Amino acid sequence: MAKKKSQSKGLIIAFVVLIVLPSIAFIGWYGVTAGLQSSGSSMSAEEAMANEFKKAQEALRAKIVERANEEGFQVDSFDACDAIEDQYRLPSGYVFTDFTRRQLVGLKPTATEEQVRERCVIFAKVVARMQKLAHHDRYVFVCEGAEFKTDEAGKYRLIADENGKGVIEVKAGLRKLVPIRRHSHILIGTWQVYNLGDGCVVIGMSKSGTFSFSGSVSIDN
């Protein structure tokens, strides 16, 4: 019985992927093409769809800028979160995907793009708050599966506590919890750590190579 159900489920998925999705795409392309022909536009369907996508992206960007002005955060901080892979050192052969990006900001792989944007707004607001305590050059999410370290050997590391109680400090292999109240931040040595309380922290550090202030974040492999 279970085998039959599995086969049926597989057939349904195959039908959706092979028949339904291509049909929807074709209908959308045909509708755009017909509309262009009736309006006398010289643009191809592909060009028109690319143009609409660009307009949508520009509208989203304008909305973020507007929110930044109204809610008191820097657009640059939002951008750093939105391109979080640029902040990470990824292992050799590691494949970065949209699913991975969601995990790096503390969301489930199934989270929507809107949820990712809201998470990055939260990050930008956290950075604005952290800068009132101390200014650092770089701020980055460190969630489950990621770690902050000061050298390649990993003699000193900071890892978000999965229970949201603070951060795990690792010195020469010895681990201890550094408690940080939810939605508050402290200085640990020369680094700043903000605890979101959901298994993620935000760490502030200086530019790579700056003596005693720098560090890197990576996937814990």
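Both backbone and side-chain heavy atoms feed into the values below; hydrogens, waters and symmetry mates do not. It should be emphasised that the depicted structure is a prediction, and the values quoted were computed from it without experimental measurement.
Atom CD in Glu144 sits 12.0 Å away from atom CG in Leu104 (nearest 0.5 Å). Between the CD atom of Glu147 and the CZ atom of Arg157 there is a distance of 5.0 Å, given to the nearest 0.5 Å. Note that the CD atom of Gln192 and the CE atom of Met130 stand 4.0 Å from one another [nearest 0.5 Å]. Rounded to the nearest 0.5 Å, atoms CG (Leu158) and CD (Glu169) are 6.0 Å apart. For the atom pair CD (Glu162) and SG (Cys200), the distance works out to 12.0 Å, reported to the nearest 0.5 Å. In this structure, CD on Gln131 lies 6.0 Å from OG on Ser77, to the nearest 0.5 angstrom.
Annotation for Glu118: atom CD counts as buried by contact number, over 12 foreign heavy atoms lying within 6.0 Å. Within 6.0 Å of NZ in Lys165 there are 12 or fewer heavy atoms belonging to other residues, nucleotides or ligands.
For the pair Val116/Arg102, a side-chain contact is recorded, criterion being any heavy-atom separation below 4.5 Å from C-beta on. Put simply, the side chain of Glu71 does not reach to within 4.5 Å of the side chain of Glu66, judged on heavy atoms. At least one side-chain heavy atom of Arg119 sits under 4.5 Å from a side-chain heavy atom of Leu196. With contacts defined as side-chain heavy-atom distances shorter than 4.5 Å, the pair Val201/Tyr194 does not qualify. With contacts defined as side-chain heavy-atom distances shorter than 4.5 Å, the pair Cys143/Gln103 does not qualify. Contact annotation: the side chain of His135 approaches that of Asp137 to within less than 4.5 Å [non-hydrogen atoms, C-beta and beyond]. Side chains of Ile84 and Phe141 form a contact here, defined as non-hydrogen atoms less than 4.5 Å apart. Contact of the Val217 side chain with the Arg89 side chain is not registered, since no non-hydrogen atoms from C-beta on lie closer than 4.5 Å.
Between the side chain of His185 and the backbone N or O of Val127 there is no donor-acceptor pair closer than 3.5 Å. Judged by distance alone, with hydrogens and angles left aside, the side-chain atoms of Asn195 form a donor-acceptor pair with the main-chain N or O of Gly164 at under 3.5 Å.
Hydrophobic clustering keeps Tyr139 apart from Val75 (ILVMFWY residues linked when any side-chain heavy atoms are closer than 4.5 Å, directly or through intermediates). Under the 4.5 Å side-chain heavy-atom criterion for Ile, Leu, Val, Met, Phe, Trp and Tyr, Val170 and Val193 are members of distinct hydrophobic clusters. Ile186 and Phe123 fall within the same hydrophobic cluster, defined by Ile, Leu, Val, Met, Phe, Trp and Tyr side-chain heavy atoms under 4.5 Å apart, directly or through other members. Residues Val142 and Phe96 share a single hydrophobic cluster, defined by chaining ILVMFWY side chains whose heavy atoms lie under 4.5 Å apart. Taking hydrophobic clusters as Ile, Leu, Val, Met, Phe, Trp and Tyr residues chained together by side-chain heavy-atom distances below 4.5 Å, Ile203 shares a cluster with Ile219.
Ring centroids of Phe73 and Phe78 are separated by 6.0 Å or more, keeping the two rings apart.
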Item to check | Full working for side-chain contact (heavy atoms from CB on, under 4.5 Å) between Glu85 and Thr100 | outcome: CA-CA 9 Å; Glu85 67 273 20; Thr100 312; over 6 Å; no

Next on the checklist: Before you tell me yes or no, could you show the steps for Leu60 and Glu114 under side-chain contact (heavy atoms from CB on, under 4.5 Å), namely the whole-Å CA-CA distance, both residues' side-chain angles and the distance that decides it to 0.1 Å?
Outcome noted: CA-CA 10 Å; Leu60 283 174; Glu114 183 178 358; over 6 Å; no

Next on the checklist: Run Val121 and Ile64 through side-chain contact (heavy atoms from CB on, under 4.5 Å) and show every step you take.
Outcome noted: CA-CA 8 Å; Val121 167; Ile64 291 299; 4.3 Å; yes

Next on the checklist: Determine whether Arg117 and Asp82 satisfy the following criterion, salt bridge (charged side-chain N to carboxylate O under 4.0 Å, His left out), listing intermediate values before the conclusion.
Outcome noted: CA-CA 7 Å; Arg117 285 194 298 272; Asp82 196 44; over 6 Å; no

Next on the checklist: Checking Asp161 against Arg175 for the salt bridge (charged side-chain N to carboxylate O under 4.0 Å, His left out) test, could you report, in this order, the C-alpha distance in whole Å, the side-chain angles of both residues, the deciding distance, and whether it holds?
Outcome noted: CA-CA 11 Å; Asp161 174 54; Arg175 301 164 62 98; over 6 Å; no

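Using a 30° and 60° split on the angle between ring planes, Phe148 and Trp191 fall in the perpendicular class, above 60°.
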